[in-house]
Amino acid sequence: MEDIASLVRPEIYAMRPYTSARVEGDQSARIHLDANENPYAPFPGGPEQEGLNRYPEPQPASLLSRFSEIYGLPVEQIFLSRGADESIDLLVRGFCAAGRDGILITPPTFVMYETAAEIQGARVCRVPLVPGSFQLDVDAMLAACDADQRIKLVFVCSPNNPTTNAMERASVLRLAAELRGRAMVVVDELYVDYSGRPSLAREIADQPNLVVVRSLSKEYSLAGERCGITLGHPEVIGVLRRIMPPYPLTVTAIRAIDAAISPAGIAYGRRNIARVVAERERVREALLRLPAVIDVLVSDANFLLLRTEEPRRLCAAMAEQGIKLRDRSSVIEGAVRVSIGTPSENDEFLRAFELCAPN
Ligand SMILES: *Cc1c(COP(=O)(O)O)cnc(C)c1O
């Protein structure tokens with residue numbers, strides 16, 4: 001796609017990507033003496049260690065075909081990374097030349113977009129979410145892109161961390177349509193399955209400058225194994241494959257992902273998502289009854305954002321009770337972010353909150 005290629009850093013097409021032994025040559029060979037691996041299993045050598053002495057497949061075909069069924073996109077439109085964080089980093093590196101190109105973000109939002117841009121030396125343009133509703137200010141975002149033609153990536157977090165709300169679908173689609181050929185719209189959908197709303201991934205067919213980032217961390221309980229999924233036009237996926245680390249996923253991660261996305265694994269994940277969603281509503285209602293709570297936003301994610309008079313003191317007092325919350329009052333006045341735990345963790349949280357919060 002002509003449109004997308006013109007947005008990619010030309011250096012990325014000019015360079016020759018690294019090819020590992022795991023990609024070059026016949027992978028079904030009987031004896032592998034091509035990658036300088038140690039032929040013995042690592043300590044202590046039990047069945048769980050089997051295969052750890054070998055380099056993994058960079059983009060495992062079995063996982064790609066399963067994700068293709070799950071997301072309804074061909075494998076050429078899917079890229080697997082070591083967490084969504086790595087995907088964000090690679091997108092910035094692939095599209096933004098240091099000192100020349102920029103990204104657009106909509107604060108208050110996930111901080112990693114800005115961090116990735118700073119590491120790359122890309123400029124950061126900020127168009128705040130509409131106060132109160134925390135929705136996208138599409139007109140202002142388009143005006144910012146008009147004013148700065150070197151904005152290559154527009155990051156939209158939906159549902160947004162930390163404000164908990166999903167962005168209006170029509171706004172994101174309008175943004176993508178208006179920016180087609182000028183910038184990519186990257187939609188971070190890390191919490192979308194908690195929202196009950198459909199992913200925007202199916203819209204990529206009509207909006208080739210749309211990129212959707214998913215992850216198994218928040219929805220499918222695999223934060224510790226690191227698995228991000230990027231869905232996009234084959235040209236975008238091709239760019240990510242050119243610049244990815246040689247082996248983004250470890251052998252153990254591939255095994256854990258394989259189990260988590262099996263039909264039984266997905267069913268198990270969905271049950272847990274439903275449990276968290278039910279708890280989210282229960283905790284929100286309980287918090288709203290407490291005098292120290294000013295408000296709690298309606299959440300489309302697996303966390304709540306509450307506002308209180310003394311957020312810092314509250315977080316410190318809760319920490320003394322062994323309960324760690326995230327003070328977000330530096331970005332939203334009075335805001336504290338709380339993840340939804342198990343029912344008993346949530347009960348403990350609510351009990352401690354009543355003790356700690358000033359009335
Ligand atoms: C947690 C989080 C990420 C990072 O996810 P990983 O897949 O664990 O790297 C990305 N975006 C948002 C909005 C997050 O909250």
Side-chain angles (χ1 to χ4, degrees), residues 59 63 67 70-71 78-93 103-119 124 126 129 134-136 153-167 172 184-195 197 199-201 210-232 240 244-245 248-250 252-254 256-257 260-261 269 272-273 276-277 280 297 299-305 324-328 331-332 335-341:
Q59 295 285 290
L63 296 187
F67 278 121
I70 293 171
Y71 296 124
I78 305 173
F79 173 74
L80 304 176
S81 58
R82 193 179 54 192
D85 287 337
E86 185 176 73
S87 161
I88 293 162
D89 180 56
L90 291 175
L91 285 165
V92 172
R93 288 205 260 170
I103 69 164
L104 186 151
I105 58 168
T106 60
T109 193
F110 188 54
V111 177
M112 183 65 198
Y113 317 132
E114 188 166 355
T115 308
E118 278 173 1
I119 293 169
V124 179
R126 295 172 187 79
L129 295 171
F134 294 122
Q135 286 293 321
L136 300 175
L153 300 176
V154 174
F155 282 96
V156 171
C157 191
S158 178
N160 186 39
N161 180 2
T163 61
T164 73
N165 60 302
M167 300 301 147
V172 183
M184 306 298 297
V185 176
V186 182
V187 188
D188 180 333
E189 287 191 348
L190 253 74
Y191 301 97
V192 74
D193 282 356
Y194 290 106
S195 74
R197 293 163 199 250
S199 165
L200 280 160
L210 201 57
V211 179
V212 171
V213 179
R214 305 287 306 259
S215 168
L216 298 186
S217 293
K218 309 309 201 331
E219 299 174 334
Y220 289 83
S221 306
L222 270 183
E225 286 289 8
R226 317 300 299 123
C227 178
I229 308 105
T230 309
L231 308 168
L240 296 176
M244 70 179 181
L249 306 176
T250 68
T252 49
I254 292 167
I257 296 163
I261 64 174
N272 285 338
I273 288 170
V276 169
V277 166
R280 175 185 79 199
L297 300 179
S299 171
D300 292 309
N302 67 337
F303 56 94
L304 292 168
L305 194 76
K324 200 164 163 239
L325 306 177
R326 197 103 148 108
D327 182 356
R328 298 278 79 190
V331 284
I332 301 168
V336 174
R337 197 187 73 186
V338 50
S339 308
I340 300 302

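It should be emphasised that the depicted structure is a prediction, and the values quoted were computed from it without experimental measurement. Counting starts at 1 for both ligands and their atoms, following the listed order.
- By the side-chain contact (heavy atoms from CB on, under 4.5 Å) test, Val111 pairs with Thr115, sequence neighbours left out.
- Listed as neighbours of ligand 1 are Gly83, Ala84, Asp85, Phe110, Cys157, Asn161, Asp188, Leu190, Tyr191, Ser215, Ser217, Lys218, Arg226, each bearing a heavy atom under 4.0 Å from the ligand.
- Between Leu297 and Thr163 the shortest heavy-atom distance is CD1-O, 3.5 Å.
- The shortest distance between side-chain heavy atoms of Asn161 and Leu190 does not fall below 4.5 Å.
- The two residues Met167 and Ser158 have their closest heavy-atom pair at N-OG, 2.8 Å.
- Across Leu129 and Pro108, no two heavy atoms sit closer than the pair CD1-O, 3.7 Å.
- Below 30°, between 30° and 60°, or above 60°: for Tyr113 and Phe155 the angle between ring planes is below 30°, a parallel geometry.
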